[in-house]
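Working notes for the structure below.
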Amino acid sequence: MKNKYSVFSLIKNALSYHENWQRAWKDPAPKKEYDAVIVGGGGHGLATAYYLAKKHNMNNIAVVEKGWIGGGNTGRNTTIIRSNYLWDASAGLYDHALKIWESLSQELNYNVMFSQRGVMNLAHNLQDVRDLKRRTHANRLNGIDAVYLSTEEVKKFCPIINTSPDIRYPVLGGTLQRRAGTARHDAVAWGYARAADAMGVDIIQNCEVKGIKRNGDSVEGIETTKGFIKTKKVGVVAAGHSSVIANMAGLRLPLESKPLQALVSEPVKPIIDTVVMSNAVHAYVSQSDKGELVIGAGTDDYVSYTQKGSHQIVEGTLNAILELYPIFSRMRMLRQWGGIVDICPDASPILSKTSIKGLYFNCGWGTGGFKATPGSGDLFAHTIANDEPHKLNAAFNLNRFVSGDLVDEHGAAAVAH
Amino acid sequence: MFLINCPYCGERDQQEFKAGGEAHIERPKQPTELSDDEWAEFLFMRKNIKGVQFERWNHAHGCRKWFNMVRDTSNDEIKAIYKMGEKPPAQ
């Protein structure tokens, strides 16, 4: 990398009042032709481009993004990272990502502020208890760290939780994954963009895809707002807008796009040093390094691309949060926003080839894609470069909706959906 | 959040309703003769349109009746509402 970030570069630039830092990535006009084009400059798309260049020597590639990089769901999620999924296929996929997270800052020479502060999932009824215990055992069989906590142990780990037995959603126990945690979402997009750019990847912002040109059953290129780009391989990583791109190519996907909301409070002193998730009541809370409480809510049940959700969804989440954390009752919320999440019927992602040669989709991450960013990019790059899935994402193909071999994580893993 | 004009009860808060997904997906007439591909198409594949979409809704906390809606999913604007069995309005 040309301008390596280090304590020396920091001192050097401090001496010139930080006025001489170089651009982290270029702003090129699109070339006429690329070996591959990634549609979507979020974390997953940029990671895909990075691994295509790094591991598969594909340097003549581009990422096209209709807005600015990291401005979609990458910049809108609650940054939770964990791998405690129930099924073997999911455990393999998400733990692959978690292992990359553990050394990502060093690899990218960019501080993604990965913080393994632990993620706790609470059980609020007897079925939750049974499900979470089962998931803990399944995780340990798959080599993923997981422990089941009693109500007292939950209280000890996070003292501000109200564990009184007479509340609306009593805490009957919980699970803890200590390797799990959070990362800085923008830094992930920027870090991958900078590293990909350094290897020759063109990152083209404000370039919206308007059409996919096919010659029979093969891809020939994409029509964009910056002109036609010829390419034989197109990897679509467009999250909530995946169906829009699929419709351009005459494909249908098993997705529904719905608004998912999050909100942050005013910043306060450190009060919660872990991530607590209550899946039964859709209340997820952690604290950012700035001191804001970062709160995740549930999705609306109707299809919408409006990037705003219903008020009652936020109200329901905050009701549950106030019951569980009475200490937050006087907190004021600063910002609230929505992102459009693409949800599969089995709540598992699609990283797959399609019936059209050279067209690949990475979508369906639903409400929980951020955690998988590095692993998703790595495996999708493998799929595009070799025209074959890696063994870790083989189960996440489009054909599973025909064969019936679904990866049914919906509720089964007490995951956040 | 928006208001929905239930064809049976009149204008109510969207909170009273349950979205039922894409409308006019016809149930297979001969289920035993369907291939796996056709089942996948019927069960899972959706248009998921950004723009004007035909949907089913249920007044779950009201009359509990189903009806159809034409809605622009890019801005949540409701274009038309019509009862089950009625022909969709021309767009």
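To find a chain, count down the sequence lines: A is the first, B the second, and so on, and within it residues start at 1. What's counted below: heavy atoms across the whole structure, side chains too, no hydrogens, waters or symmetry copies.
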Under a 4.5 Å heavy-atom cutoff, which of [options] has the most pairs with chain B?
options                      : value
A/Gly404, A/Ser242, A/Pro254 : A/Pro254
A/Ser257, A/Ala246, A/Pro259 : A/Ser257
A/Ser403, A/Gly240, A/Ser310 : A/Ser310

Next on the checklist: Quick check with a 6.0 Å cut-off and a 45 degree axis cone: is B/Lys65 positioned over the face of B/Tyr8's six-membered ring?
Outcome noted: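 Checked: cation-pi criterion met.
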
Checklist entry - Can the positive tip of A/Lys213 be found less than 6.0 Å from the middle of the six-membered ring of A/Phe228, inside 45° of the ring normal? => result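 Because its charged atom sits under 6.0 Å from the ring centre and within 45° of the axis, A/Lys213 does stack over A/Phe228.
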
Item to check | Ring centre gap for B/Trp57 and A/Tyr302 strictly below 6.0 Å | outcome: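 For B/Trp57 and A/Tyr302, the ring centres are under 6.0 Å apart.
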
Next on the checklist: Can you confirm if the aromatic rings of A/His241 and A/Tyr305 lie within a centre distance of less than 6.0 Å?
Outcome noted: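 Yes, the ring of A/Tyr305 comes within the 6.0 Å limit of the ring of A/His241, centre to centre.
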
Using non-hydrogen atoms and a 4.5 Å limit, figure out which bit of [X] sits close to chain B: side chain, backbone, both or neither.
X        : answer
A/Val303 : both
A/Leu253 : backbone
A/Asp301 : both

Next on the checklist: Which one wins on heavy-atom pair count under 4.5 Å against chain A: B/Gln53, B/Glu38, B/Glu55, B/Arg71?
Outcome noted: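 It is B/Arg71.
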
Item to check | chain A contacts, top residue of B/Asn75, B/Asp72, B/Ile49 (heavy-atom pairs, under 4.5 Å) | outcome: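 Looking at each of B/Asn75, B/Asp72, B/Ile49 in turn, B/Ile49 comes out on top.
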
Item to check | Mutual orientation of the aromatic rings belonging to A/Phe401 and B/Phe44 [parallel < 30°, tilted 30-60°, perpendicular > 60°] | outcome: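 Rings of A/Phe401 and B/Phe44: perpendicular, as their planes differ by over 60°.
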
Next on the checklist: Once you measure the plane-to-plane angle for A/Tyr360 and A/Phe380, does it fall in the parallel (<30°), tilted (30-60°) or perpendicular (>60°) bin?
Outcome noted: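 Geometry flag for A/Phe380 against A/Tyr360: perpendicular rings.
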
Item to check | Distance in Å, A/Gln261 CD paired with A/Lys308 NZ, rounded so as to fall on 0.5 Å steps | outcome: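 Those atoms lie 11.0 Å apart.
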
Checklist entry - Which bit of B/Glu41 comes within less than 4.5 Å of chain A, counting heavy atoms only: side chain, backbone, both or neither? => result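 B/Glu41 touches chain A through backbone and side-chain heavy atoms alike.
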
